[in-house]
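The structure under discussion appears below in the form of structure tokens.
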Amino acid sequence: QVQLVESGGGLVQAGGSLRLSCAASGRFFEINTMGWYRQAPGNQRELVATISTGGSTNYATAVKGRFTIYRDNAKNTVDLQMNGLKPEDTAVYYCNAGFRYLLGGPYASWGQGTQVTVSS
């Protein structure tokens with residue numbers, strides 16, 4: 001089992017910055033890919049960015065050049081630095097982690113979500 005706790009969401013003006021943080025805890029053998037997803041009202045949940053254990057990253061086209069994902073394998077944390085925020089970025093952001101036990105997996109865990117609101 002993996003619990004994910006997010007922080008850093010809030011209200012910011014267009015062009016501003018926010019940094020989201022997510023900490024994983026619980027019983028597991030290994031956490032693999034970690035990432036951030038978001039869901040705006042009326043929309044499906046969509047990928048924002050992911051990062052592998054080895055540091056390989058993937059970004060949604062809409063956030064490339066503006067968002068950066070980081071992880072600390074030793075601390076089991078993943079952060080999302082968001083710069084140049086736009087009103088279109090307004091959504092609930094969810095932390096995600098893929099993990100496995102010694103003899104089972106992979107499984108997925110999700111955070112509770114944190115609201116990011118970007119004003120015009």
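Along the sequence shown, residues carry numbers from 1.
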message: Checking I69 against Y59 for the side chain to side chain contact (heavy atoms under 4.5 Å, CB included) test, could you report, in this order, the C-alpha distance in whole Å, the side-chain angles of both residues, the deciding distance, and whether it holds?
response: CA-CA 9 Å; I69 188 168; Y59 294 92; 3.4 Å; yes

task: Report the C-alpha distance between L20 and W36 in whole Å, list the side-chain angles of each, state the deciding distance to 0.1 Å, and finish with yes or no for side chain to side chain contact (heavy atoms under 4.5 Å, CB included).
output: CA-CA 9 Å; L20 305 182; W36 289 91; 3.6 Å; yes

task: Take V116 and L18 through the side chain to side chain contact (heavy atoms under 4.5 Å, CB included) test and state the conclusion after the steps.
output: CA-CA 9 Å; V116 172; L18 285 174; 3.9 Å; yes

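At least one test fails for R38 against the ring of Y94: distance under 6.0 Å to the centre or angle within 45° of the axis.
Checked by atom type, the side-chain pair N32/T53 shows no donor-acceptor distance below 3.5 Å. Between the side chains of Q81 and N83, at least one donor-acceptor pair of N or O atoms lies under 3.5 Å.
Listed by first then second residue, pairs satisfying disulfide (SG to SG under 2.5 Å) with a partner in residues 14-112 read C22-C95, not counting sequence neighbours.
Between R66 and D89 there is a side-chain heavy-atom pair separated by less than 4.5 Å. Using a 4.5 Å cut-off on side-chain heavy atoms (C-beta onward), R71 and T77 make no contact. A 4.5 Å side-chain heavy-atom check between F67 and L80 finds at least one atom pair inside the cut-off. In this structure the side chain of F99 never reaches within 4.5 angstrom of the side chain of P106, judged on heavy atoms.
If you chain together hydrophobic residues whose side chains sit under 4.5 Å apart, V78 and V92 never meet in one group. Under the 4.5 Å side-chain contact rule for hydrophobic residues, Y70 and V48 do not share a cluster.
Ring pair Y101/Y107: centre-to-centre distance below 6.0 Å.
Residues meeting the side-chain hydrogen bond (donor to acceptor under 3.5 Å, both in side chains) test with Q115, sequence neighbours left out: T117. With sequence neighbours excluded, the residues that form a salt bridge (charged side-chain N to carboxylate O under 4.0 Å, His left out) with E30 are R100.
The distance from the CD atom of E6 to the CD atom of Q112 is 4.5 Å, given to the nearest 0.5 Å. The structure places OG of S52 at 12.0 Å from CE of M34, a figure rounded to the nearest 0.5 Å. Taking OG of S119 as the start and CG of L85 as the end, the distance is 10.0 Å to the nearest 0.5 Å. To the nearest 0.5 angstrom, N58 atom CG is 10.0 Å from I51 atom CD1.
Of the listed residues (Q44, E46, R45), just one forms a side-chain contact (heavy atoms from CB on, under 4.5 Å) with Q39, and that residue is R45.
Residues S120 and A14 come closest through the heavy atom pair O-CB, 4.3 Å. S17 approaches G84 most closely through the heavy-atom pair OG-N, 4.3 Å.
Relative orientation of the W110 and Y37 rings is perpendicular, given thresholds of 30° and 60° on the angle between their planes.
With a 6.0 Å radius and a threshold of 12 heavy atoms from other residues, nucleotides or ligands, Q13 has its CD atom at or below the threshold.
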